Amino acid sequence: IDRPYDKLDPFGLIDFLHHKIGSTHVAHHYDSSIPHYKAQAATDAIKENFPQLYLYDPTPIPQALWRVCKGCTVVEKRGDKWVWKNDGLESLIE
């Protein structure tokens, strides 16, 4: 999920020091060999060509972190194992 640092970083220092990884995070996971100076162009290309796969959330980082800590639903317990919960994701990739 791309999530900007803007609310946490009004002067842009964290974003600058982290090479804008918060707002280009999807591209980083799409292909981690993309250099940081090409990440915005890659993000724009993903948004344009794969809009159904691009995830953006403007929720400030501290609030998003708290939400995840309170109730992460990305994995679920099946028997004695934890597995990824990918319900419906397969249809988006086809």
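Every heavy atom of this structure was used, including side-chain atoms; hydrogens, water molecules and symmetry mates were not. Treat the numbers as computed from the prediction; the structure is a model and nothing was measured.
- The CG atom of Asp44 sits 12.5 Å away from atom NZ of Lys38, with the distance rounded to the nearest 0.5 Å.
- Within 6.0 Å of the OH atom in Tyr56, the count of heavy atoms belonging to other residues, nucleotides or ligands exceeds 12.
- Cluster membership for Tyr54 and Tyr30, using ILVMFWY side-chain heavy atoms within less than 4.5 angstrom, is shared.
- Distance check: Asp57 CG to Gln63 CD gives 9.5 Å after rounding to the nearest 0.5 Å.
- Here the side chain of Asp9 pairs a donor or acceptor atom with the backbone of Asp15 at under 3.5 angstrom.
- In this structure, the separation between NE2 on His29 and OG1 on Thr24 is 10.0 Å, given to the nearest 0.5 Å.
- The shortest heavy-atom contact between Pro60 and Arg3 is C-CD, 4.3 Å.
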**Request:** List the steps, then state whether side chain to side chain contact (heavy atoms under 4.5 Å, CB included) holds for Ile21 with Tyr5.
**Result:** CA-CA 9 Å; Ile21 194 64; Tyr5 290 109; 3.8 Å; yes
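- The heavy-atom pair separating Asp2 from Val26 by the smallest distance is OD1-N, 2.7 Å.
- Here the closest heavy-atom approach between residue Asp31 and residue Ser33 is recorded as OD1-OG, 2.6 Å.
- Taking both residues in full, the closest heavy atoms of Ala27 and Ala39 are given as CB-O, 4.1 Å, listed atom of the first, atom of the second, then distance.
- For the atom pair His18 NE2 and Leu13 CG, the distance stands at 9.0 Å (nearest 0.5 Å).
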